[in-house]
Participant: 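Structure below; questions to follow.
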Amino acid sequence: QVQLVESGGGLVQAGGSLRLSCAASGRTFSTYAMGWFRQSPGKNREFVSVISWNGAKTYYADSVKGRFTISRDNAKNMVYLQMNDLNPEDTAVYYCAADRSGGIGGDFRTRPNDFFSWGQGTQVTVSS
């Protein structure tokens, strides 16, 4: 199993940037694909980005492509989401999650049910 703890959320003006972090426990972290999702009030949890077990491959939702960058440091058991050019539509609780499939060969899964472990979330609020 792996436990996940997100941090780095906050209030930012439109056009600003934030960097989210996700700290993972467990010796098998480096074998998992890691994803970021977000959820706004009244909406379903939405896929944002995913990174393969070794960091070699990434995939993004169209809504964040070119603005967000996912990365990981397996030596530190950390996953990051750099968010630039934020807009009010990015306001949500952001969650990191682990997928046992690993994202080998760039074959990513993006449905929340495909991820077996979740953090508690961190709030991101973008003001206009």
Side-chain angles (χ1 to χ4, degrees):
Q1 280 289 355
V2 61
Q3 292 185 324
L4 305 171
V5 179
E6 303 94 336
S7 61
L11 174 64
V12 64
Q13 289 187 333
S17 299
L18 281 175
R19 187 194 195 203
L20 304 184
S21 299
C22 174
S25 66
R27 291 177 293 176
T28 54
F29 165 79
S30 62
T31 67
Y32 303 141
M34 295 298 298
W36 286 96
F37 291 78
R38 64 187 183 186
Q39 190 167 18
S40 304
K43 294 187 177 181
N44 292 330
R45 194 161 295 189
E46 174 190 24
F47 167 76
V48 174
S49 183
V50 63
I51 189 167
S52 62
W53 66 277
N54 60 356
K57 295 187 182 293
T58 59
Y59 181 68
Y60 298 91
D62 287 343
S63 59
V64 306
K65 198 175 297 182
R67 300 187 298 123
F68 291 11
T69 302
I70 190 171
S71 62
R72 69 189 296 163
D73 185 340
N74 285 346
K76 296 181 179 179
N77 276 21
M78 295 292 295
V79 182
Y80 306 99
L81 186 68
Q82 177 66 43
M83 307 186 295
N84 298 329
D85 193 21
L86 286 161
N87 58 64
E89 290 70 37
D90 295 316
T91 295
V93 177
Y94 283 71
Y95 300 88
C96 70
D99 178 9
R100 289 192 179 95
S101 75
I104 296 173
D107 185 17
F108 291 119
R109 304 194 293 185
T110 61
R111 298 177 305 170
N113 286 347
D114 293 326
F115 291 72
F116 75 96
S117 185
W118 293 82
Q120 83 290 347
T122 185
Q123 176 71 47
V124 171
T125 303
V126 185
S127 63
S128 57

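Note that this is a predicted model, so its numbers are computed, not measured. Numbers here are sequence positions counted from 1.
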Participant: Under a single-linkage definition using a 4.5 Å side-chain heavy-atom cutoff for Ile, Leu, Val, Met, Phe, Trp and Tyr, are L20 and L4 assigned to the same hydrophobic cluster?
Facilitator: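 Yes, one cluster joins them.
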Participant: Answer yes or no for R67 and Y60: cation-pi contact, defined as NZ/CZ to six-membered ring centre under 6.0 Å and angle to ring axis within 45°.
Facilitator: no
Participant: Do V5 and V48 land in one hydrophobic cluster if side-chain heavy atoms of ILVMFWY residues count as linked below 4.5 Å?
Facilitator: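 V5 does not cluster with V48.
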Participant: Per the disulfide (SG to SG under 2.5 Å) rule, what does the pair list look like for residues 62-128, sequence neighbours excluded?
Facilitator: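 For residues 62-128, and leaving out neighbouring residues, the disulfide (SG to SG under 2.5 Å) pairs sorted by first residue read C22-C96.
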Participant: Identify the heavy atoms of S127 and P88 that sit nearest to each other, and give their distance.
Facilitator: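 Taking S127 first and P88 second, the nearest heavy atoms are C-CG, 4.4 Å.
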Participant: Applying the side chain to side chain contact (heavy atoms under 4.5 Å, CB included) test to M34, which of W53, F115, F29 qualifies?
Facilitator: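 Of W53, F115, F29, side chain to side chain contact (heavy atoms under 4.5 Å, CB included) with M34 is met by F29 alone.
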Participant: Give me the one residue out of Y94, W118, W36 that meets side chain to side chain contact (heavy atoms under 4.5 Å, CB included) with E6.
Facilitator: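 In the set Y94, W118, W36, the residue that makes a side chain to side chain contact (heavy atoms under 4.5 Å, CB included) with E6 is W36.
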Participant: For R38, which residues count as a salt bridge (Lys or Arg N to Asp or Glu O under 4.0 Å) partner, sequence neighbours excluded?
Facilitator: E46, D90
Participant: What residues, two or more places apart in sequence or in another chain, satisfy salt bridge (Lys or Arg N to Asp or Glu O under 4.0 Å) together with R109?
Facilitator: D99
Participant: Would you say Y95 and V2 are hydrophobically clustered, going by side-chain heavy atoms of ILVMFWY under 4.5 Å?
Facilitator: no
Participant: Under a 3.5 Å distance rule, please check whether S40 uses its side chain to pair with a backbone N or O of T91 as donor and acceptor.
Facilitator: yes
Participant: So does F47 get a backbone contact from the side chain of T110, meaning a donor-acceptor N/O pair under 3.5 Å?
Facilitator: no
Participant: How far does CG of D85 sit from OG of S17, to the nearest 0.5 angstrom?
Facilitator: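 The distance works out to 8.0 Å.
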Participant: Would you please classify the geometry between the F108 ring and the Y59 ring as parallel, tilted or perpendicular, with 30° and 60° separating the classes?
Facilitator: parallel
Participant: Indicate if Y80 and L86 have the same hydrophobic cluster label, given that clusters are the connected sets of ILVMFWY residues with side-chain heavy-atom separations under 4.5 angstrom.
Facilitator: no
Participant: Between F37 and M83, is there a shared hydrophobic cluster once you connect ILVMFWY residues whose side-chain heavy atoms come closer than 4.5 Å?
Facilitator: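 No.
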